[in-house]
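In what follows, chains are A, B, ... by sequence order, proteins preceding strands, each numbered from 1. Owing to the predicted nature of the structure, the values given are computational and were not obtained by experimental measurement.
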There are 2 protein chains.
Amino acid sequence: MSSQEPIADPSLDARKEQIKRAALRVFAEQGLSGTKMSMIAAEAGISQGLSYRYFKSKEEIFTLLVEEALEAAQAAIDRLPDLPGTPTDRIRAFTANMLDASHKRYFLLLQQAQKSEEAPERVKQLIERYSAQETLNRLAPILVQGQQAGEFCEGDPERLLLLYLSVITGLMLQDANAPEGYWLQEIDRLMKILQN
Amino acid sequence: MSSQEPIADPSLDARKEQIKRAALRVFAEQGLSGTKMSMIAAEAGISQGLSYRYFKSKEEIFTLLVEEALEAAQAAIDRLPDLPGTPTDRIRAFTANMLDASHKRYFLLLQQAQKSEEAPERVKQLIERYSAQETLNRLAPILVQGQQAGEFCEGDPERLLLLYLSVITGLMLQDANAPEGYWLQEIDRLMKILQN
DNA sequence: GTCTATAATGCGATAGAC
DNA sequence: GTCTATCGCATTATAGAC
């Protein structure tokens, strides 16, 4: 393993990951401007200036995390059509997946990024391109399938889904304080919104 | 009308109100740290330093707005038991009221204040005291009434309400971009969560 | 009463010791 | 590789002109 190896030094990567995970926890709750580098350092248990040995700036960490979040979201949606079961089963699985601890933080981060005026330009572009509309486009066929099967109520699929996604968003915001998995058992209640 | 009159100079009050309303619009979307005094000034159409003739600090404006928001929320809830109609009608009215433009901004402000670590101490106290638990306590009787009448599904009233309030929160976050009243017609869909 | 210019402060980012 | 000390800039807040 020479130093020209594209795979970086393991301990370097480990440190970077540690800082990124700490940053995600703070960014997801406090947003970009509400997060001070000192908070990330404290959360990671390192000194204030060390993050800059691994990342150029606060915005670089934020952007990197947004990219990861979008990839994770897209991956979760891509897996959906292959899942077994009825459309109801798939939407249920999708909901449970979003409420899962790790995805929850990513989702909150995307929410923060979406509202923030001071987000880096690249983040704004990525969000606009992939976040809301893409998710709708990919979920819509599943919903339509369910409508045709009589599992879901009639109505504009995109509007229904936007309503449903908003609802999940609200739950995750509250859930930030709640114990892990607190809302999982309420998924079927949520899905009543889509049914009739 | 002497200058010792507790009612201040009308034009002074008008200016203060103008700045506060501008600040509310920005705070509700960008949070405390995401809002720069220059943004409030721009939103109000005044110069950068003028706000300090009317308020001591950014935090003072924020705190004042949080107090107003809590009063408005409490007033809205206090009126509920006197409303005519079934418990379903009352919850529907409550929901519509929250989604109304002016209350929406107050509600988003409270959300921002609740999550923010850098909120003034007084704000944290007020929020903890009045916001979540108080709302639940006052709404719970109406829900229980509806459960006894068979309008709502069974289950822990506080948990059900927390779920429902979370859902409204999510809707308001999305709604920030949507046209006024966009979600009003979906209220009955939302209320399916509480029904059976 | 309002604006522009400036002081004070807090934070992002860097440099240098270990 | 990590920490502490410091620089420079953005932003809060004030002062002084009109």
What integer distance in Å separates [X]:[atom1] from [N]:[atom2]?
X: A:Ile61; N: C:dA13; atom1: CD1; atom2: P; result: 9 Å
X: A:Phe55; N: C:dT14; atom1: CZ; atom2: P; result: 14 Å
X: A:Lys58; N: D:dC9; atom1: NZ; atom2: P; result: 18 Å
X: B:Glu60; N: D:dT12; atom1: CD; atom2: C1'; result: 14 Å
X: A:Glu118; N: C:dG12; atom1: CD; atom2: P; result: 11 Å
X: A:Met39; N: C:dC11; atom1: CE; atom2: P; result: 8 Å
X: B:Ile40; N: D:dT11; atom1: CD1; atom2: P; result: 13 Å
X: A:Gln48; N: C:dC11; atom1: CD; atom2: C1'; result: 9 Å

The side chain of [X] is closest to which nucleotide in this list: [options]?
X: B:Arg53; options: C:dA13, C:dC3, C:dG16; value: C:dC3
X: B:Leu50; options: D:dT11, C:dA13, C:dT2; value: C:dT2
X: B:Ser47; options: C:dC3, D:dA5, D:dT11; value: C:dC3

Is it the case that the side chain of [X] and the backbone of [Y] share a donor-acceptor pair, with hydrogens and angles ignored and the cut-off at 3.5 Å?
X: B:Gln147; Y: B:Cys153; value: yes
X: B:Lys192; Y: A:Asn196; value: no
X: A:Lys56; Y: A:Arg53; value: no

Check: When you check the phosphate oxygens OP1 and OP2 of C:dT14, does a side-chain N or O of A:Tyr52 lie under 4.0 Å from one of them?
Finding: no
Next item on the list: Would you mind telling me which residue lines up with the more 5' stretch of DNA chain C, A:Met37 or B:Tyr54, judged by nearest nucleotide?
Entry: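 Comparing both residues, the 5'-ward one is B:Tyr54.
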Checklist line | Lys/Arg-Asp/Glu bridge criterion (N-O < 4.0 Å) met for B:Asp89, B:Arg92 | finding: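 So B:Asp89 pairs with B:Arg92 through a salt bridge.
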Check: Would B:Phe152 end up clustered with A:Leu190 when hydrophobic side chains under 4.5 Å apart are linked, directly or stepwise?
Finding: yes
Next item on the list: Give B:Thr35 one of three labels, base, sugar-phosphate or nothing, depending on what nucleic acid heavy atoms sit under 4.0 Å from its own.
Entry: sugar-phosphate
